[in-house]
Student: 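If you scroll down you'll find the structure; I have some questions about it.
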Amino acid sequence: MTGATASFGRRADVGGALASLGGIIRSILAFVVVVLLIAIVWEAAKWLGGGIWREAFGIVLDPPHMPPLRITQLNDTNLPHVWEVVGALFEPATRRSEFSLFAVLLDAALFTWRGAAIGFALGAAIGLGLAILFVHSRLLERALVPYVIASQTIPIIALAPMVVLWVGRDWPSVAIISAYLTFFPVTIAGIRGLKSPDPRALELMRSYAADWKSVLWKVRLPAALPYLFTALKISATASIVGAIVAEAPTGIAGGLGRAIIQFNQQFTSGPEKLWATAFICAALGIAFFGLVRLAEMIVLRNRQREVEA
Amino acid sequence: MIDRLRYYLPTLAVFVGGIVLWEGAVRALEIQRFLLPPPSDIAAALVTNRDLLMAAGLTTLIEAVGGFAIGLTGGLVVAFATSRFALARGALMPFAIAANAIPIIAFAPIANAWFGVTSPVSKMMIVAMLVFFPVMINTVRGLTSADAASLELMRSYAASEREVLTRVRIPNALPYFFTAIKVGATLSLIGAIVGEYFGGATVALGRIIVESASFLRFAQAWSAIIVAAALGIGFYLIIIGIERVAMPWHASMRGQT
Amino acid sequence: MSGTNSVVAIRDLGKTFGNEGSQTVALSGINLTIQPGEFVSLIGPSGCGKSTLLRIIGDLTGPTTGTVEVNGKPAARARTDRDYGMVFQAPVLFDWRTIEANVALPLEIIDMPRARRVQRIAEMLSLVELSDFARHHPWQLSGGMQQRAAIARALAFEPRLLLMDEPFGALDEMTRERMNTELLRIWEQTGTTIVFVTHSIPEAVFLSSRVVVMSARPGRITKVIEVGLPRPRSDETRELEPYFELITEVRESLKAGGHGSDAGTIADEPLEALQ
């Protein structure tokens, strides 16, 4: 029948609304390509300005390659070879350990993720609750929103030890600190989203003499979902950061924060381990983000376009 | 002027009320002072250490602003370069969105190793990474989300790509850009302090917080935290001020809804 | 037939949307010539392709078959030579520019010197009677005023041809009648050729020298009706006997051409989004 109808409205950008499976696959492929490109640039930089290359991917280079430039940041201590970092994952975590670094880091990642996920859920609930409160009370909104914004200017890394002192050295502290970073984007996006419905839709509900709970459930919340998901993706990242920040200064054992501290201390003898830890942290962040993105695509599958924060 | 004051009255009331409640609760419930210092102790610490705090604040602020500038420039350059070519955009946007999900704190020790633990440059690099991705992502979104009707209008004028860029895409991107740098402003202070946590010059806010906390001198730690928060708020307000000037059309529109 | 000094010459035009799977024939066998200074309306049911035809004349999309010449050149060259101005249904003004800056837009693009530009903008704004609102922003103006600003902008570089796609569609009846009178005044003052797409039969009859009635999809020209009403036209014209007769004639032709299969709005007609 009719061809596709484009309307005069906002266009979603290429990287944005990926509703189709093809889009997801293309996205992942693009990501992989860029990662490979980075690895190539990484080694190319070392080829030009790093330390002496005696071997590459396990193959001995005879004669060894001497890079023309010498840049400190590119030497083998600061920027180990890609294969050394990957290799370190399969070697024992420490001299005395019987587990591979990968196993240890995976374990730590799951520990961190548990605290982060609980904090994420907690923060999202608090954030949404505050948003609902503010939408229904102009006074409270005016009084408290500046503090909500100001709360994020307090360096959470400073509050972490205090929280741990009060609550204890385990995942509850991690979750609380995670929640602190998570609730803010959800509150702000929630306010915008809950206020976003067409005034005419609200008037319609008024004509039905609907009470505020119905209006919330039937009109405001559905309208707020796209905004909330945009915020939740940011919060996913923030919750992981919060969890690591909670663990690092306080020495909570078992998580990635502790691993960063530990391998930082061993940097000069084994930089690959710190790099490997950093990459596992990155993977965790991306994985959690991807999970929320997936949830967004399912929940919002019938909607039109991605909403900007 | 009076109207402005009346508008912010609830906010001020909460502030004053909060302080009073805090002070009262600590005294009345006899909570260990070192666990949760009352506002009076913190105020005292602020006054006692004001010279140290000002110097430390300056160090941290320089790291934050320097990193912000680097991340902002980098983000803008890459955004303009990639928004031009749909292919580059298709490849880089998913990557940038994913990279934005990386906890930068994981790379803080590496930055310290690369640029020197005591050098402010290492902290600037951490901040730059924190600021780069939101700026790049939001600017690309802003540049590519121009109204289809406006683009058709420009086509009817046979306008060149460069003209479409300057007359349509860039003005359209400004709100997105400001959203990103508002986030970046607060992040940059935090990023600098987190970087300092892993090591740095002693006269810096992050290090003062860490050392005070480790000696359980929480009032002192809080005084440094407050300075950090104040700097972050100040930076944020400056950006809002710039936004009002750069986009009077947008801000005043918001006032009407 | 098509003289060499015709403003628009369309021969055997056809337009098909879609690909092998599903195709929509929007236009078929269109032949039309428009002489300088004419006011020609295109009217037809929803989905008949009238907007598409206008956009083809403006080189915003291309024909599948047939040719279009504007001012004796292919439509694409006419566009790059900036031979025409266009007014869309939505005003498409830039929020971040004042009214006078909006009108300045095409003049900036053609690099008109500043002094001349300022003078031109003032002329245009007084022509559409918006001089007092030069420094305002679009959202501060009503819909009708925004459209007047869009018309001022379209006329700014004195095009020989003005293409208008239901510019008054979003306005109420009384504002619309007033805008019609305004538009005729502007037309008489500038002597531009106008091609005007509309849904409204009274509007088409009131404004035009000729009304082109189009059929339902696939769009063909059912009939071209000469409108011999005396000029200048005014509110009195709307009470003349011939006016009502012409309206009836147009209505009958529309019925003969069939109604659209989908009742709906202009958005039914496929528009190609640009990069």
Side-chain angles (χ1 to χ4, degrees), chain A residues 6 8-16 26-28 30-31 33-35 72-73 77-78 139 142-144 146-147 149-150 152-159 161-162 165-166 233 236-237 240-241 244-245 248-249 256 260 264 267 271 274-275 277-278 281-282 284-286 288-290 308-309, chain B residues 7-8 10-11 13-15 35-36 86 89-107 109-110 113-115 137-138 140-141 144-149 176 179 186 189-190 193-194 197-198 205-206 209-210 213-214 218 221 224-225 228-233 236:
Chain A
F8 286 134
R10 314 225 115 211
R11 255 175 75 245
D13 72 307
V14 174
R26 244 183 299 133
S27 217
I28 295 178
F31 180 75
V33 165
V34 177
V35 169
T72 337
Q73 281 82 13
T77 310
N78 284 326
L139 184 66
R142 252 199 294 152
L144 295 178
Y147 295 108
I149 298 178
Q152 301 301 297
T153 60
I154 297 182
I156 188 64
I157 198 168
L159 297 186
M162 299 182 206
L165 257 176
W166 291 332
K233 284 183 293 192
T237 309
I240 304 274
V241 171
I244 296 178
V245 161
L256 287 173
I260 293 176
N264 188 29
F267 189 71
L274 183 62
W275 274 100
T277 309
C281 288
L284 181 62
I286 294 172
F288 197 11
F289 173 86
E308 306 309 324
Chain B
Y7 186 82
Y8 287 114
T11 319
V14 169
F15 184 73
L35 253 188
L36 181 63
R89 216 164 60 222
L92 280 177
M93 278 301 271
F95 175 78
I97 291 171
N100 201 25
I102 296 176
I104 304 293
I105 179 176
F107 290 89
I110 294 175
W114 273 29
F115 299 102
I137 293 171
N138 274 288
V140 170
R141 281 206 179 121
T144 54
S145 69
D147 208 9
Y176 292 82
T179 302
T186 35
L189 242 345
I190 308 237
I193 290 177
V194 167
Y197 173 79
F198 287 95
L205 289 176
I209 296 173
V210 160
S214 64
F218 286 115
I225 291 173
L231 286 174
I233 294 171
Y236 184 84

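We name chains A, B, ... by the order of the sequence lines, and we start the count at 1 in each one.
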Student: Using a 4.5 angstrom heavy-atom cutoff, name the option from Leu139(A), Thr153(A), Leu274(A) with the most pairs to chain B.
Tutor: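 Most heavy-atom pairs under 4.5 Å with chain B: Thr153(A).
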
Student: Sort Ile286(A) into side chain, backbone, both or neither according to what part of it lies under 4.5 angstrom from a heavy atom of chain B.
Tutor: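 It is both, since atoms from each part get that close.
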
Student: Select, from Phe115(B), Tyr197(B), Phe198(B), the one with the greatest count of heavy-atom pairs under 4.5 Å involving chain A.
Tutor: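 Heavy-atom pairs under 4.5 Å are most numerous for Tyr197(B).
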
Student: How would you list, by chain and number, every residue that makes a side chain to side chain contact (heavy atoms under 4.5 Å, CB included) with Ile104(B), sequence neighbours excluded?
Tutor: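 Ile104(B) satisfies side chain to side chain contact (heavy atoms under 4.5 Å, CB included) with Ile126(B), Met129(B), Leu130(B) only.
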
Student: Top residue by heavy-atom pair count (under 4.5 Å) with chain B, among Gly285(A), Ala143(A), Ala248(A), Ala150(A)?
Tutor: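 The candidate making the most pairs under 4.5 Å is Ala143(A).
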
Student: Side chain, backbone, both or neither: which part of Leu189(B) has an atom under 4.5 Å from a heavy atom of chain A?
Tutor: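 It is neither, since no heavy atom gets under 4.5 Å.
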
Student: Name the orientation class of the two ring planes belonging to Phe15(B) and Tyr147(A) (parallel below 30°, tilted from 30 to 60°, perpendicular beyond 60°).
Tutor: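 Parallel, since the angle between the ring planes stays under 30°.
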
Student: Quick check for you: among Ile105(B), Asn100(B), Leu231(B), which has the greatest number of heavy-atom pairs under 4.5 Å with chain A?
Tutor: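 Highest number of pairs under 4.5 Å: Ile105(B).
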
Student: Between Thr11(B) and Arg142(A), is there a donor-acceptor pair closer than 3.5 Å when you use the side chain of the first and the backbone of the second?
Tutor: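 Side chain of Thr11(B) to backbone of Arg142(A), a donor-acceptor pair under 3.5 Å: yes, one is there.
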
Student: Measuring heavy-atom distances to chain B, does Ile149(A) have an atom under 4.5 Å in its side chain, in its backbone, in both, or in neither?
Tutor: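 Side chain only.
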
Student: Any side-chain heavy atom of Arg141(B) sitting closer than 4.5 Å to one from Thr179(B)?
Tutor: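 A side-chain contact is absent here, since even the closest heavy-atom pair is not under 4.5 Å.
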
Student: Which atoms form the tightest heavy-atom contact between Ile260(A) and Ala106(B), and what is the distance?
Tutor: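 Result for this residue pair: CD1-CA, 3.8 Å.
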
Student: Given the options Ala91(B), Ala13(B), Ala101(B), which has more heavy-atom pairs under 4.5 Å with chain A than any of the others?
Tutor: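 Most heavy-atom pairs within the cutoff with chain A belong to Ala101(B).
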
Student: Taking side chain to side chain contact (heavy atoms under 4.5 Å, CB included) as the test, write out the residues that go with Ala213(B), two or more places apart.
Tutor: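 For Ala213(B), the residues satisfying side chain to side chain contact (heavy atoms under 4.5 Å, CB included) (neighbours in sequence not counted) are Phe218(B).
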
Student: Checking Leu144(A) against chain B: side chain, backbone, both or neither under 4.5 Å from a heavy atom?
Tutor: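 Side chain only.
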
Student: Between Val245(A) and Ile157(A), what is the shortest heavy-atom contact and its length?
Tutor: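 Closest heavy-atom pair between Val245(A) and Ile157(A): CG1-CA, 3.5 Å.
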
Student: Give the member of Ala221(B), Pro109(B), Ala99(B), Gly232(B) that has the highest number of heavy-atom pairs under 4.5 Å with chain A.
Tutor: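 Maximum pair count with chain A is reached by Pro109(B).
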
